[in-house]
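These notes concern the structure reproduced below.
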Amino acid sequence: MAYQNLDELDRKILKLISADARIPFLEVARACNVSGAAVHQRIQKLVNTGVLKGSKFIIDPEKIGYETCAYIGLFLKDPSNFDAVLAELKKIPEVVECHFTTGGFDMFIKIYAHNNHHLLEIIHDKLQPLGLSRSETIISFHSAIDRQLPVKMLGE
């Protein structure tokens with residue numbers, strides 16, 4: 001992964017669109033004192049270099065019936081099966097994140113379930129058959145901080 005050098009205009013554009021992904025490019029252009037075409041080109045460059053990974057609407061899991069958020073550390077019977085386990089985890093819609101980590105876990109996942117009973121079903125019926133020696137589950141009561149990294153302006 002290559003670090004991308006961002007100039008002041010890139011940073012200002014990122015700051016504006018990260019605060020409001022639906023802000024019109026012309027409004028960004030006005031705030032940056034450049035043309036709409038310049039903003040469009042810069043955003044395309046940021047997408048092409050991987051700085052921006054797109055934009056999306058974020059669904060609140062609780063509002064659609066997923067009341068339980070859990071983080072689960074997975075211990076694989078055979079850690080050489082990472083790729084196969086990852087492929088199977090991708091098939092489980094409740095798994096929303098998967099990380100390869102340092103420490104005791106082979107993998108660390110985030111899942112949403114309708115309730116604790118549903119969580120148990122996911123662990124027993126979908127995760128255990130993947131070849132786990134064991135797992136450790138942490139249930140999140142509430143996300144106190146959920147944000148993007150701040151975009152620092154040069155000289156800050």
Side-chain angles (χ1 to χ4, degrees), residues 1-6 10-25 27-28 39-153 156:
M1 281 188 278
Y3 169 77
Q4 297 297 318
N5 285 321
L6 304 175
D10 290 332
R11 291 174 186 278
K12 192 165 188 180
I13 290 169
L14 287 172
K15 203 170 205 174
L16 289 165
I17 65 173
S18 67
D20 178 7
R22 298 180 72 179
I23 188 171
F25 284 1
E27 194 173 322
V28 174
V39 168
H40 190 273
Q41 290 172 344
R42 288 294 183 115
I43 288 177
Q44 191 58 52
K45 178 192 82 165
L46 292 167
V47 169
N48 292 342
T49 58
V51 172
L52 281 175
K53 295 185 176 186
S55 59
K56 58 186 173 186
F57 288 101
I58 299 170
I59 298 168
D60 183 339
E62 278 190 55
K63 302 284 189 218
I64 60 169
Y66 289 86
E67 296 179 2
T68 301
C69 173
Y71 296 87
I72 303 175
L74 306 177
F75 298 87
L76 305 181
K77 288 179 186 171
D78 183 359
S80 67
N81 287 340
F82 269 27
D83 293 337
V85 171
L86 179 60
E88 292 303 311
L89 286 171
K90 288 179 179 180
K91 296 176 186 175
I92 303 170
E94 295 89 354
V95 175
V96 296
E97 291 182 25
C98 178
H99 301 270
F100 298 128
T101 63
T102 61
F105 305 125
D106 294 312
M107 300 169 125
F108 195 72
I109 63 173
K110 178 180 180 181
I111 69 172
Y112 284 101
H114 295 293
N115 51 41
N116 289 348
H117 181 73
H118 184 217
L119 175 62
L120 178 60
E121 286 177 1
I122 294 168
I123 293 169
H124 184 267
D125 299 341
K126 296 180 180 182
L127 297 179
Q128 285 301 331
L130 299 180
L132 304 183
S133 60
R134 66 187 181 99
S135 64
E136 288 184 19
T137 302
I138 301 166
I139 294 177
S140 170
F141 292 126
H142 174 70
S143 175
I145 299 174
D146 184 5
R147 62 181 174 206
Q148 297 232 13
L149 285 171
V151 178
K152 299 279 186 185
M153 301 307 285
E156 283 186 12

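When a residue number appears, it is its place in the shown sequence, counting from 1.
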Ser18: partners by side chain to side chain contact (heavy atoms under 4.5 Å, CB included), with sequence neighbours left out | Val151
How about Leu74 and Leu130: do any of their side-chain heavy atoms sit closer than 4.5 Å?
-> no
What pairs with Arg22 under salt bridge (Lys or Arg N to Asp or Glu O under 4.0 Å), at least two apart in sequence or on another chain?
-> none
For Val96, the side chain to side chain contact (heavy atoms under 4.5 Å, CB included) test, sequence neighbours excluded, returns Lys110, Tyr112
Within a radius of less than 6.0 Å around CD of Glu97, do more than 12 heavy atoms belonging to other residues, nucleotides or ligands occur?
-> yes
Residues which pass side chain to side chain contact (heavy atoms under 4.5 Å, CB included) with Ile64, listed by chain and number, not counting sequence neighbours | Ile59, Tyr66
Verify the neighbour count for atom CZ of Phe141: are there more than 12 heavy atoms of other residues, nucleotides or ligands below 6.0 Å?
-> no
Say whether Gln44 and His40, considering side chains only, have a donor N or O and an acceptor N or O under 3.5 Å apart.
-> no
Given Met107 and Leu86, is the side chain to side chain contact (heavy atoms under 4.5 Å, CB included) satisfied, shown in steps?
-> CA-CA 9 Å; Met107 300 169 125; Leu86 179 60; 4.1 Å; yes
Below 4.5 Å, heavy atoms only, C-beta onward: do Leu76 and Leu132 meet side chain to side chain?
-> yes
Under the side chain to side chain contact (heavy atoms under 4.5 Å, CB included) test, which residues partner Asp60, sequence neighbours left out?
-> Glu62, Lys63
Salt bridge (Lys or Arg N to Asp or Glu O under 4.0 Å) partners of Lys91, counting only residues at least two apart = Glu88
Quick one: CD1 on Ile72 to CD1 on Ile123, what's the gap to the nearest 0.5 Å?
-> 4.0 Å
